[in-house]
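Remarks on the structure that follows.
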Amino acid sequence: MTTYGIQLSRPGTAARRLRGVFTGDVHQPGDPRYDAARPAWNRRIDPRPAIVAEAAGRDDVWTAVLVAREHDLPLAVQATGHGTVTPADDGLLLKTARMASVRVDPYRGTARTGPGALWSDVIAAAQPYGLATVSGTPSIGVTGYTLGGGAGWLSRMYGFAADNLLSAEMVTADGEIVTADADRHPDLFWALRGGSGNFGVVTALEFRLHPVDHVYAGVSLYPLDRAADVLQRYRDWAAREPDRLNTSVTLLRMPATPQVPEPMRGRRLLAVRVFYAGRYEDADQHLGPLLAAAGPPLQDGFNAMTFAEAGQAIAGPPPAPIAAVQHIDLFQDLPDAVLDTLLDAIEPGPDSPPSAVSAIEVRHWGGAMARPTPDSGPAGHRDVPFSVLATAIDPDPARHDSPIDNAVTDLATRLRPHATGGSFLNFLTDPARTATAFTETNYRRLREAKKTWDPDNVFHLNHNIPPA
């Protein structure tokens with residue numbers, strides 16, 4: 001009982017200490033807002049932290065780091081929760097969603113954001129100046145996306161989001177407030193551009209904006225019986241894709257829910273996503289061979305629009321929290337064996353086991369992402385042109401034997417002989433595969449940076465990179 005009492009008192013003492021100096025709110029189990037504050041976006045993860053602390057400013061972040069260390073509490077950091085891969089059980093969950101400031105400097109072509117800012121906030125602030133950045137889905141957070149690399153609709157023109165990072169202000173594991181950029185702490189700045197939240201808690205980011213106004217973009221839907229022809233055309237056509245064009249092809253299992261229009265409800269479909277930073281006429285010329293293979297669409301979603309409108313057209317409204325498993329593999333090419341495996345996973349044949357995979361995206365990378373500068377950070381496997389991202393949604397996350405795990409594992413096993421073995425951090429839900437998101441050289445360098453900036457591995461409830 002004595003040991004149990006000590007274990008209970010440590011979080012209680014830490015919570016009292018936080019409440020004495022914290023500007024934001026502090027929650028413990030049993031508090032009215034605890035259950036609303038603790039979940040991640042992915043409901044497959046059900047964290048039970050001892051404390052949830054909602055920071056209102058940089059001083060709150062600094063305090064939370066010191067209190068967690070003083071009381072030997074595991075520390076996790078979360079803005080939107082989209083990137084959460086490890087639960088903060090019995091630890092201190094530091095939330096930064098309230099720190100959502102955005103400041104655009106149109107003369108320098110830069111934006112500075114707080115750690116809780118969403119891409120929708122940045123897009124809205126930059127749009128009046130005809131500027132945009134390498135953003136992702138509008139409803140996700142700027143910080144986690146950027147630190148994880150960030151492959152967005154402008155990445156074939158301007159590289160990863162991490163490549164466009166100019167500086168980062170952060171609280172380190174020992175409570176020091178530092179700014180890292182090309183001149184100050186360059187080893188830390190290199191590691192941050194793809195190494196995720198392993199090196200401290202970011203309190204501000206500054207990054208480049210680019211002149212982008214009207215674009216041609218959207219998602220069009222086609223019958224699945226065109227998928228084999230489109231995928232074969234896509235793997236050959238992609239080699240000639242201009243940098244202004246960013247595309248993907250997705251095999252979809254549409255849910256049988258009232259939100260889905262009747263003609264497509266419960267069907268298997270093919271989706272083509274397009275983002276072209278330029279005129280419709282030029283986009284149409286480039287896309288012609290690919291769309292000819294797709295044939296007439298069931299739903300034509302391509303149109304000329306602003307950059308802000310494109311985000312809504314491609315991503316749709318902010319998705320509600322779901323319980324999902326994702327698996328990503330990278331490929332140097334897409335042989336017929338891979339394409340046949342993908343088609344069989346989304347619409348199993350008569351001799352195949354039923355599949356719970358709900359979406360499989362084939363994406364072409366390359367462009368500026370494949371042309372790093374000598375000082376580029378560790379984000380990504382830049383020489384790999386294709387990725388396959390499979391997603392399965394769990395209708396009952398409380399089960400321990402969910403069929404979606406078997407479905408995703410089976411697909412991964414069948415793809416493995418053809419894949420490179422690499423991954424990309426933003427799309428990786430299995431923290432055990434973290435090392436696969438980097439080249440061997442970059443991973444060794446990241447571990448050395450971790451040894452310098454977080455030798456005790458304080459920041460380990462993430463895609464963890466252990467110190468060398």
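Put simply, the side chain of F307 reaches to within 4.5 Å of the side chain of I123, judged on heavy atoms. Residues P431 and N462 are not in side-chain contact: their nearest non-hydrogen atoms beyond the backbone lie 4.5 Å or more apart. Looking at heavy atoms from C-beta onward, R382 lies in side-chain contact with S376 at the 4.5 angstrom threshold. No side-chain heavy atom of V215 sits under 4.5 Å from any side-chain heavy atom of T306. Looking only at side-chain heavy atoms (C-beta outward), H463 and L428 come within less than 4.5 Å of each other. Contact of the T434 side chain with the L425 side chain is registered, since non-hydrogen atoms from C-beta on lie closer than 4.5 Å. Annotation: side chain of M170 is not in contact with side chain of V201 (no heavy-atom distance under 4.5 Å). Residues L221 and L252 are in side-chain contact: their nearest non-hydrogen atoms beyond the backbone lie under 4.5 Å apart.
Closest heavy-atom contact between L411 and A345: CD1-CB, 3.9 Å. Of all heavy-atom pairs spanning T439 and H381, the tightest one is N-CE1, 3.7 Å. Taking each heavy atom of P378 and N442 in turn, the nearest pair found is CA-ND2, 3.6 Å. What you find for L18 and A64 is that their closest heavy atoms are CD2-CA, 4.1 Å. Among all heavy-atom pairs drawn from L118 and T80, the shortest one is CD2-CG2, 3.2 Å. Nearest heavy-atom pair, H327 versus V408, reported as atom, atom and distance to 0.1 Å: CB-CG1, 3.5 Å.
Between the side chains of N164 and H210, at least one donor N or O sits under 3.5 Å from an acceptor N or O. Checked by atom type, the side-chain pair T172/D174 shows a donor-acceptor distance below 3.5 Å. For the residue pair N464 and N198, a side-chain donor N or O sits within less than 3.5 Å of a side-chain acceptor on the partner. Between R273 and S248, the side chains place a donor N or O and an acceptor N or O closer than 3.5 Å (distance only, hydrogens not considered). Between W365 and S387, the side chains place a donor N or O and an acceptor N or O closer than 3.5 Å (distance only, hydrogens not considered). There is a side-chain donor-acceptor pair under 3.5 Å between E54 and H27.
The pair R69-D456 meets the salt-bridge criterion, since a charged nitrogen lies less than 4.0 angstrom from a carboxylate oxygen. Checked for salt-bridge contact, R184 and E169 miss the test: no charged N lies under 4.0 Å from a carboxylate O.
Between the side chain of D31 and the backbone N or O of R33, no donor-acceptor pair lies under 3.5 Å. Judged by distance alone, the side chain of R253 and the main-chain N or O of A392 form no donor-acceptor pair under 3.5 Å. In terms of modelled atom types and a separation under 3.5 Å, the side chain of D410 and the main chain of A407 share no donor-acceptor contact. For the pair R433 (side chain) and I328 (backbone), a donor-acceptor distance under 3.5 Å is present. Side-chain N or O atoms of D105 include none that pairs as donor or acceptor with a backbone N or O of G109 at under 3.5 Å. Panel note: side chain D329, backbone V388; no donor-acceptor pair is recorded below 3.5 Å. The closest donor-acceptor contact from the side chain of R447 to the backbone of P466 lies under 3.5 Å. Remark: side-chain polar atoms of R38 are paired, donor with acceptor, to backbone N or O of P47 under 3.5 angstrom. Side-chain N or O atoms of N42 include none that pairs as donor or acceptor with a backbone N or O of H82 at under 3.5 Å. Within the 3.5 Å criterion, the main-chain N or O of L415 finds no donor-acceptor partner in the side chain of H418.
Rounded to the nearest 0.5 angstrom, D243 CG and S155 OG are separated by 11.0 Å. If you take CG on D394 and CG on D405, they are separated by 7.0 Å, rounding to the nearest 0.5 Å. Here L209 contributes atom CG and Y158 contributes atom OH; the two are 11.0 Å apart, rounded to the nearest 0.5 Å. Here the straight-line distance linking atom CG of D163 with atom OG1 of T373 works out to 7.0 Å at 0.5 Å rounding. Considering CZ of R16 and CD1 of I51, their distance stands at 10.0 Å, rounded to 0.5 Å. Here the CD1 atom belonging to I360 is positioned 4.5 Å from the CD1 atom belonging to I346, to the nearest 0.5 angstrom.
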Practice prompt. Determine, step by step, whether F189 and D183 satisfy the side-chain contact (heavy atoms from CB on, under 4.5 Å) criterion, reporting the C-alpha distance in whole Å, the side-chain angles of both residues, the deciding distance to 0.1 Å, and the verdict.
Written response: CA-CA 9 Å; F189 183 57; D183 299 316; over 6 Å; no
*side-chain contact (heavy atoms from CB on, under 4.5 Å) assessment of V26 paired with V52*: CA-CA 6 Å; V26 178; V52 180; over 6 Å; no
Using side-chain contact (heavy atoms from CB on, under 4.5 Å), reason through D181 and L166 one step at a time and then give a plain yes or no.
CA-CA 6 Å; D181 57 25; L166 296 173; over 6 Å; no
Fill in: Residue pair T203, W62: steps toward the side-chain contact (heavy atoms from CB on, under 4.5 Å) verdict
CA-CA 9 Å; T203 53; W62 176 79; over 6 Å; no
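Y107 has its ring centre no less than 6.0 Å from the ring centre of Y129. When ring centroids are compared, F207 and W119 come within the 6.0 Å threshold. Ring to ring, H364 and F386 are close: their centroids are under 6.0 angstrom apart. Ring centers of F160 and F424: under 6.0 Å apart, within the cut-off.
For R244, the CZ atom counts as loosely surrounded, since its 6.0 Å shell holds 12 or fewer non-hydrogen atoms of other residues, nucleotides or ligands.
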Identify each donor-acceptor pair in which a side-chain atom of residues 132-141 lies under 3.5 Å from a protein atom, sequence neighbours left out, and give them as a table.
residue : atom : partner : partner atom : Å
T133    : OG1  : R208    : O            : 3.0

Please tabulate, for side-chain N and O atoms in residues 85-100, each donor-acceptor pair with protein atoms closer than 3.5 Å (sequence neighbours left out).
residue : atom : partner : partner atom : Å
D89     : OD1  : R48     : N            : 2.9
K95     : NZ   : A37     : O            : 2.8
R98     : NH2  : D25     : OD2          : 2.4

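Of the candidates V61, V67, L66, T63 forms a side-chain contact (heavy atoms from CB on, under 4.5 Å) with just one, namely V67. The one candidate from R112, R108, R103 that meets the side chain to side chain donor-acceptor pair (under 3.5 Å) condition with E206 is R108.
Note that R19 lies outside the cation-pi zone of F22, set by a 6.0 Å cut-off to the ring centre and a 45° limit from the axis. In this structure, R445 satisfies the cation-pi test against W190, with its NZ or CZ atom closer than 6.0 Å to the six-membered ring centre and inside 45 degrees of the ring normal.
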